[in-house]
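Structure, as C-alpha cells:
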Amino acid sequence: MNPLVTLLPPLLVIPFIIFFGERQKNIRELCIFIAGGILLVLNISLYQNFLDGQTIVSGSITLFDGLKLYLKAEPLGILFALLASFLWIVTTLYSIGYMRGHNEKNQTRFYVCFAIAIASVMAAAYAGNLLTLFVAYEAITLSTFPLVTHSGTEKAKRAGRIYLGVLMGGSIVLLMPAIIVIWWITGSVDFVSGGVFNESEVSPFWATLLLMLIVFGTGKAALMPFHNWLPNAMVAPTPVSALLHAVAVVKTGVFLIIKVIVYIFGFDFIASTGAADILLVFAAGTILLASLIAMTKDNLKERLAYSTISQLSYIVMAALIANTLAAQGAALHIVSHAFGKITLFFCAGAIMVALHKKAISELDGIGKQMPYTMTAFFIAAISIIGLPPLIGVWSKLVIAEGAIEGGQLWLVAVLIISSLLNIAYLLPIPIRAFFKAAPIEGDNYQACEMQEAPLACLVAIAITTLGCIVLFFQTHTISELLSLI
Amino acid sequence: MEFFALYNDWAVIVLMMAGFYIMIARHNLVKKILGLSIFQTGIFYFYVGLGKVDGGTAPIFIEENEKLTEAVIYSNPLPHVLILTAIVVGVATMAVGLALIVRIYEKYGSIEEDEIQAIDEQEQINDHNGHADH
Amino acid sequence: MFEDIAAIEHFVVMILLTVLIVLTLGIIYLKDLLAAVILSGLYSLVSAAIFVAMDAVDVAFTEAAVGAGISTIILLGALSFTKREQKPQKHNNLPALIIVCMTGALLIYGTLDMPSYGDGKSPANSNPQLAQHYLQKSPDETGVPNVVTSVLASYRGYDTLGETAVVFTAAIGVLSLLGLRRRRRQEDPNLTPRQRRRQQSEDT
Amino acid sequence: MPYNIHFPALLIVLPLMAAPLCVIVRHSFFSWLIAVVVNICVVLFSVSLLLQVIDGDVIRYTLGGWAAPTGIEYYIDTLNAVLMVVISIISFFSLIYSKASIQAEIAPQRYYLFYTGWLLCLTGLLGIVITGDAFNVFVFLEISSLSMYMLIALGKERKQALLAAFRYLIMGSVGASFILLGIGFLYAATGTLNMSDLALHLVDADQSRTVIVGFSFITVGLLIKSAIFPVYSWLPNAYQYAPSAVTAFLAGTATKVSLYVFLRFFFHVFGSEYSFAEMLLGKILMPLAIVGFFAMSIVAIFQTDIRRLLAYSSIAQIGYMFAAVSMATEAGVAAGVIHIINHAFIKTALFIAVGCIAYRLGSSRIADMGNLIALMPWTASAFIIGGLSLIGVPLTAGFVSKWYLVTAAIDSGWWSIAIMVLLSSLMAIMYIGKIIEVFCFRKTTENMKGADVKEAPLFMLIPLWALIIISVYTGINGSIVVGTAELAASQLMGGML
C-alpha cells in the first residue's frame, strides 16, 4: 500500500468541515470521526503490510538536482503514525465536549487547521528522506500557528510570534543549513539503515557542530534554550495543547532527531566521533532544569508544559546515547509519554471547562466534584513518574538499560533524580484535589453548576487512561515492531 | 601640444564633474536638470574627442565616389553617430524632467527639493494623526 | 604643417573649453534661473563650435539646433510655468563634493593612459571593422557621401530607431504629464487673455 | 527559410510599433487590447527563442544585414532568453491586472497613454536584454527609463509620485551617464562596441587604466540602476507611489534587467577572471550585498506601509542576488540567476496582491488590513503564500533560491555568507509574520468599518493566482528553473564568444 493514502483522510475531510461549518456541528464532527477511523484503519493495515515484509514506498517528486520528496514506511514512522491517528480520534471526541462547553469561536477554522496538522504529521511520520521530513515539519509549524493564536488576544498573538519565530526561525537558520551540508557532503538526504556518514568524510568537530545544528534547529524538540515557545503556546485551546503540543508537534521534533541519529548519522559514527557528548549534557540539563521550573509554576497547563519539555529531553537524550536499546527506549517513551501527557492535559482542560479553574492553588478539594477526572489525572501522573503497572515504567527502564549499555552511568542518575522531581511536581495536584478541604467561601463553588466535565471529555479521558494501563501489558507488540529498526 | 591636450582633457572632466555636482548637490530642480545637461555635454566631448584625428576633416566626401586617399585624413565618424543619438536622448530626458518639474510646482508650489520634502513629511504626520483621530 | 594646424585646433578648443567653465560657474552660482537658462543656451552654442573644431560638423549642427535651440525653448517654457528664482542655498554639500572629486580623480586617472587626443592610430580610430570600414567601404556599400549619415542610417540604423523611440517616449511622457493640466486651466475663468492666447497657441 | 528566423527582431519591433498604434486609436479598451495581444505575441516569441537556445546554441541575429561588429547584432543565449521569457510573462500578467486596477489610480483620458508607455517600457527592457551591442544597451536603457518615469508619475492623486519619479530620473540619469561614460572608455581602449568583440579585444587591453576606469564607471552606473544597498534611495518612493500595476511590473523586471546587464558585462565582456580576480569586484560587492540584505530586511520590519515594506524587501533581495553572483563561481551565478527568476515572479505577485487590497481598502497601511483573511480570502491567502516564498519555506520557489544560494556559498567556502543569508531569513519571517498576523488575527479597524471591503475582482485575481501558481510550481518542480539557470551560468562563465 502507498503511504501517501494516509494523507488523504485528513485532507479530504476539510471540504466537508468547511461545508457543514458552524451550521451543522454534529455532521461536521461525525465527518471528522469517520476520517479519523479510516486513517487509523489505514495505518493499521500499513503496519500489517510492513510486518508481512513488504516495502512500503510512495512515488517521488523530484524538486531539483536529484532532491526528492517521497514517503516510506519504517518501524519508527509506523509507530508514530499509529499513535497520532489513534489519539486524533480521541482528541476529536474530547474537543467536541471541550469546544462546546467552552463556547470557543471559529471552531471551523480550528478543525480545518487541526486536520491539516494531522495530515502533515502523517507526512512527517512516513517521510522517506530528511527533506520530506523537513517539509512536513514546516507544514506542521504553519498549520498549527493559527491554532496557537486561536483566541486572537494580545497574549495569544505574542505567543504566536514566539511560536513562529522559534520554530520556523530555528528550522530555517539551523536545521536547513544542516540539511544542506549533509546533502553537500554525502550527496544524499535519504534515510539509510546504519547512516550515510563515514568517519573519513567528517571530522569529529564538524560532526558535533552538525548534530548541534540539527538538535537545536529542531525547535519542536524544545531542548533548552529553545524551549520558550512551548509554555507560551499553552494559550491555545486545550485539545491543541493536548494532542499537538504534548504529542504530535513536539513528538515530530524528537522523531526527527531520532531518525537523523538512526538513519543519517548512524550509531557507530556518533559513538566513534563522540558528536553527541556535549548535547547529552544539554539534554540532561534540560530534564532537570525544566522539572525544577515546573515546580514553580502555579498555572496547571504551564506546569504540564514544562513537564513536557523535561520529558522530551528524555527522548532526545535516549536518542543521543546512540545504541539500539536506547533508541527503542526513546521510541517507547514517545508512546508512553503521549498517553500519559495527553490524559493530563485532557484533565486540565476538563477542570477548566467544568470549574473555570486554571491555577493549581485553586484546585483544593475538587476531587469531590470531579472524582473521575482526578482519578484519571492521578493514574496518568503515576505513569509519567514511571511506576508500574503503567506504561511509563517500561520506557524509562529501557532508556536506563540503554544508558548502561552505552556506558553512560551518570544518565541513570539523571533519570532517577528527575523521577523524584516528577513526583514532586505532579503528585501534589491530585493530593490537593482529594485530601485538602475545599475553600469555604464557596463563591465559585456555587456559580459552577457543572460538577463533572462534559461526557465527551470524560470518555476521551477514560480511553487514554485505559491506554496507559493496557499498554503496560502490551509492550511486546511495540518492542517487536521496534526490533525491526 | 602635450599641454593643450592635457588641459583639454582636464577641462572636459571639470565640466562633467561640475554638472554632476549640480545634479546631486543643488536643491533646485531646474538646476539639477541643467546640471544633467552639462554633465552629458561633457561626455559628448569625451566621445567626439576620441574620434578626432590630427589634421583630419569631417568625414564627408565632397565628390561622388571619392575614396579615402593618402592625401585626406578623415576623423572617425562613429563617435559622431553615437553622440547624435546621445544628444537627442539627453534632450528627451530633459523634456520629461521639466514636465515633471512643472507638475511638481503645480502640486507643491515649489521647485526646491528640500521644501518639497518638508511639505511631504508634514503631510505624512498630519495624515497619521488624522488616522489616529478617526 | 599638420603639426601647426593641429596646434591651432587644440588651442581653439582650449579657449572654448575655458569659456565653458566660466559659463558653468555662472550656472552654478546664478540665483536667477532665467539667466542660468540663457547661459546654458550660450553654453550649447559654444559647444557647437567645439564640435566643429573636432571635425564633428553633424554633431555641431545637432547641438546648435537641439541643444541651443530646442532645449532652451523647453527650459524657458518650463520656467514660465514655474519660478524664476532659485532659493539661496547656503551650505555647501560636502558629501556631494567628495563624491564628485573622487569621480573626477578616477576620470583623470583613466585619461592618463588613453590614446592621446588626435591620435589616428588609436584603437578607436584604426579599428578595421568599424572606423576604417565605415570610411573606406561606406560610399560603395551605401552610396551616401556623408559617412556619418551612412553609419547613422545604415550600419547603426537600429540605434537610430531606438533614438526615435526615445523621442517618442519623451513626447508621450510630456503629453501624459501635462496634457490634462492644460484642459483644467482652460476651465479656469481667472486667466488673463494673454495666458489664454498662449495656451491656445500651444494647443494648436 | 525557417519561420522563426526573424523572431528576435519582431520581439522588439512589435511592441515598439504597437505603441504609436495605441496613441492613434486613443481608446482605453482597444489600446489595452493591443497591448495584451502584442504581449502575448512577445511571450510566444521569447519562449520560442528560449527553446532554440536551450541546447546551448547562441543566436546571433544581425540587424540591417551588417555583420557585427560593423553593424549591430542581437546576441541570444540561455541567460537572456530566459530573462526575456520572465519579463514578458510578468508584463503580461501585470497588464491583465492593470485593466481593473488603473480605474482607481489613473484618469480615464490617459489610459491609452498608460498602455503606450507600458509598451515602450517593455520594448526598452527587452531591447536591453536582447542586444549584443554595448552602446545599444544605453539607448534602450533610456527608452525603458523614460517610460518608467512617466508610468510612475501617472498616478492621479499621488503627488509624491511626481517627486519620486523626478528623483528616479536624476538617479537614473546619473546611472545611465556613468554607463555611457564607461562604454566610452571601453571604446577608447578597443575601438569596438560589440560585446563579444569587446571581450576579444579586452583580453589584450586588460591592464590599461582606461579599461579599469571604464570598468569602474559601468559598475557604479549599474549598481545605481539596480538599487543595491548604498544607492537605493530612489526605489522605495518609486515603488510606493507608482500606480500598483506599474509597481508590480517594475518590481519584477527593472532592477533585474540591470542585474542582467551587470552579468553580461562582468562575466561575458570583461570575463570573470578580470572582473573578480583582478579587479576584486567580489570583495567590493560582497560587503555591500550583505549589509544590503541585512539592513534593508531590518528596515522592512519597521515599515507601516505595506508597499514600502515590500520595496525594502526588494532591495534586500537584490542584495542576495549580488551576494550570489559576487562569489563568481558557476554555482554562485546559477544561484543568482535562479533568484532573479524566482524573485521576479514572487515580488510581482506580492505587489499585485497588495494592489488588490489597496483597490478594495483604499489604503496600503498595514494597520488597516485587519481580518483580511475573512474579507478577501483569495487575495490574502495569495499574499501569504507569496510571503512564505519570500521567507524560503519549502515547496515554494524561494526555498529553491535559498537552497542554491547557501549551497553555492558553502561550495566556494563562504560559510559566513551562508550564515548571514539564513539569519536574514529571520527578518523575513518577522516582516511577513507581522503582516500575516494582521491579516488573520487583527480586527477590522474603525476607519475601515465603513468601507465595503470584499474580494478583489476576478480580473485581478486571475493574474495574481497565475503568478502564485507559477512560483509554487517552480518551487515543487524546481528542475526547470535550476536547469536553465545552470546552463546560463555555465555559458556565461565559459566565456562563450
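By convention in this document, chain letters (A, B, ...) are assigned in the order of the sequence lines, proteins followed by strands, and residues within each chain are numbered from 1.
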At a heavy-atom distance under 4.5 Å, which candidate from Ile116(B), Asn76(B), Ile43(B) has the highest pair count against chain D?
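Sorted descending by pairs with chain D, the first entry is Ile43(B).
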
Selection from Ile119(B), Asp120(B), Ile24(B) maximising heavy-atom pairs under 4.5 Å formed with chain D:
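The answer is Asp120(B).
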
Closest heavy-atom contact between [X] and [Y]?
| X | Y | value |
| --- | --- | --- |
| Ile101(B) | Phe166(D) | CG1-CE1, 3.5 Å |
| Ser177(D) | Phe39(B) | CB-CE2, 3.6 Å |
| Leu169(D) | Thr93(B) | CD1-O, 4.0 Å |

Which salt bridge (charged side-chain N to carboxylate O under 4.0 Å, His left out) pairs, counting each pair once, include a residue from residues 162-179 of chain D, with sequence neighbours left out?
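Listed by first then second residue: Glu113(B)-Arg167(D).
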
With a strict 4.5 Å heavy-atom criterion, list every residue of residues 217-225 of chain D that contacts chain B, or say none.
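So far as heavy atoms go, nothing in residues 217-225 of chain D approaches chain B to under 4.5 Å.
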
Passes side chain to side chain contact (heavy atoms under 4.5 Å, CB included), Ile104(B) versus Lys159(D)? Steps please.
CA-CA 7 Å; Ile104(B) 288 173; Lys159(D) 62 179 181 181; over 6 Å; no

Under 4.5 Å from any heavy atom of chain D - which part of Thr85(B)
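Just its side chain gets close to chain D.
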
Could you tell me which portion of Leu50(B) (side chain, backbone, both or neither) has an atom closer than 4.5 angstrom to a non-hydrogen atom of chain D?
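Leu50(B) touches chain D through side-chain heavy atoms alone.
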
Using non-hydrogen atoms and a 4.5 Å limit, figure out which bit of [X] sits close to chain B: side chain, backbone, both or neither.
| X | result |
| --- | --- |
| Ile183(D) | both |
| Leu180(D) | both |
| Val174(D) | both |

Per the side chain to side chain contact (heavy atoms under 4.5 Å, CB included) rule, which among Val96(B), Val89(B), Ile33(B), Leu36(B) passes with Ser173(D)?
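Of the listed residues Val96(B), Val89(B), Ile33(B), Leu36(B), the side chain to side chain contact (heavy atoms under 4.5 Å, CB included) partner of Ser173(D) is Leu36(B).
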
Among Ala367(D), Gly172(D), Gly184(D), residue most engaged with chain B (heavy-atom pairs, under 4.5 Å):
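That would be Gly184(D).
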
With a 4.5 Å limit on heavy-atom distance, are the side chains of Gln160(D) and Tyr108(B) in contact?
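Counting from C-beta outward, Gln160(D) and Tyr108(B) do come under 4.5 Å.
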
Under a 4.5 Å cut-off applied to non-hydrogen side-chain atoms, are Pro79(B) and Tyr187(D) in contact?
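Touching, per the 4.5 Å side-chain cut-off.
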
Phe46(B) and Phe185(D): aromatic ring centres closer than 6.0 Å?
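Under 6.0 Å, so yes.
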
Could you state the interatomic distance from CG (Leu29(B)) to CD1 (Ile170(D)), rounded to the nearest 0.5 Å?
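Answer rounded to 0.5 Å: 8.0 Å.
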
